[in-house]
Amino acid sequence: EESKGNTSLSTLEKAKKEGSITIGFANEKPFAYQDENGKLTGEAVEVARAVLKNLGINEMKGVLTEFGSLIPGLNAKRFDMITAGMYITPERCEEVIFANPEYTLGAALGVKANNPLNLKSYEDIKSNPNAKVGVMAGAIEHNYLKDSGIPEKQISIVPDIPSAISALLSGRVDAVTMTGPSLEAMLESANSKEIVRVKDFEQPIINGNPIQGYGASAFRKEDTEFRDAFNAELQKLKESGELLKIIEPFGFTENELPGETTADELCK
Ligand SMILES: CC1=N[C@H](C(=O)O)[C@@H](O)CN1
């Protein structure tokens, strides 16, 4: 605990005073990444940029870290918020607090062209002991795979999304799983006819429901004031329709709008 004397400012007060904030991101296109010119952008970054601007914070500085290190990095104060499109989950809510969601999505599967093992669901991976699936460390899809009953020996954990794609290209894995937008972005940059998205992928059913992720910015537990201020501005962007305009350039549509779902509900 830092001293709470007159001189110690909250994260929000400090950011407002300096007009600047440091965010953690994992270079996962289209959520949060650096473009060709080195500019920090992406769905989550641009939503945060609009919100922060309305809070009087005009500059965002990025700290790149592996997805699995975002929460530890936030809590170690390497940066002051996470803008990585991270899904709100009860486990994560024990370590950080989330703003309300910006979008909602399911999972996707990438395979070799013509899908040689005919993998169309996590169940198909489970029922073929020879099938190996790659997933990014710290990504929720790893939990989905385990919860679907796929043995660990069929799961290959890689540090980031590009490593998942190289594992698939080289044949070290037969499939990769990640969000649809991440897979689409990777297929575009790989620009290879050898790997494809499974079009008729069946969403995994976990606890009786097809999985549905809700992504949001995350903050340290003590920064409730910051999170609440962020939520208030985010709500205005939702009500004005501005949110959709911000996320559309990154491939999101009105189908991905989160509706009225709140972080509170998703933490339970
Ligand atoms: C944007 C994103 N969401 C998922 C998660 O929150 O774990 C993973 O797919 C990693 N990336």
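Ligands are counted one by one from 1 in listed order, and the atoms in each one are counted from 1 as well.
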Side-chain donor-acceptor distances from residues 140-149 under 3.5 Å, at least two apart:
{"from": "H142", "atom 1": "NE2", "to": "E152", "atom 2": "OE1", "distance (Å)": "3.4"}
{"from": "H142", "atom 1": "NE2", "to": "E152", "atom 2": "OE2", "distance (Å)": "3.4"}
{"from": "S148", "atom 1": "OG", "to": "Y144", "atom 2": "O", "distance (Å)": "2.7"}

Residues 177-185, side-chain donor-acceptor partners within the protein, below 3.5 Å, at least two apart:
{"from": "T177", "atom 1": "OG1", "to": "A108", "atom 2": "O", "distance (Å)": "2.9"}
{"from": "T177", "atom 1": "OG1", "to": "Y122", "atom 2": "OH", "distance (Å)": "2.6"}
{"from": "T179", "atom 1": "OG1", "to": "S182", "atom 2": "N", "distance (Å)": "3.2"}
{"from": "T179", "atom 1": "OG1", "to": "S182", "atom 2": "OG", "distance (Å)": "2.7"}
{"from": "S182", "atom 1": "OG", "to": "E28", "atom 2": "OE2", "distance (Å)": "2.7"}
{"from": "E184", "atom 1": "OE2", "to": "R197", "atom 2": "NH1", "distance (Å)": "2.6"}

| Would one find more than 12 heavy atoms of other residues, nucleotides or ligands at under 6.0 Å from atom CG of N37? | yes

| query | Is the number of heavy atoms from other residues, nucleotides or ligands under 6.0 Å of N255 CG greater than 12? | reply |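 More than 12 heavy atoms, drawn from other residues, nucleotides or ligands, come within 6.0 Å of this atom.
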
| field | Sidechain N-carboxylate O distance under 4.0 Å for E248, K245 | value | no

| query | Can you name the residues that form a side chain to side chain contact (heavy atoms under 4.5 Å, CB included) with S166, not counting sequence neighbours? | reply |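 For S166 the side chain to side chain contact (heavy atoms under 4.5 Å, CB included) partners, ignoring immediate neighbours, are R172.
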
Measure from every N or O atom of ligand 1 to the protein's N or O atoms and keep only the pairs below 3.5 Å, writing each with atom names and distance to 0.1 Å.
{"from": "ligand 1", "atom 1": "6 (O)", "to": "Y87", "atom 2": "N", "distance (Å)": "2.9"}
{"from": "ligand 1", "atom 1": "6 (O)", "to": "R92", "atom 2": "NH1", "distance (Å)": "2.9"}
{"from": "ligand 1", "atom 1": "7 (O)", "to": "R92", "atom 2": "NH1", "distance (Å)": "3.4"}
{"from": "ligand 1", "atom 1": "7 (O)", "to": "R92", "atom 2": "NH2", "distance (Å)": "2.8"}
{"from": "ligand 1", "atom 1": "7 (O)", "to": "I140", "atom 2": "N", "distance (Å)": "2.8"}
{"from": "ligand 1", "atom 1": "9 (O)", "to": "E141", "atom 2": "OE1", "distance (Å)": "2.7"}
{"from": "ligand 1", "atom 1": "9 (O)", "to": "E141", "atom 2": "OE2", "distance (Å)": "2.9"}
{"from": "ligand 1", "atom 1": "11 (N)", "to": "E28", "atom 2": "OE1", "distance (Å)": "2.7"}
{"from": "ligand 1", "atom 1": "11 (N)", "to": "E28", "atom 2": "OE2", "distance (Å)": "3.3"}

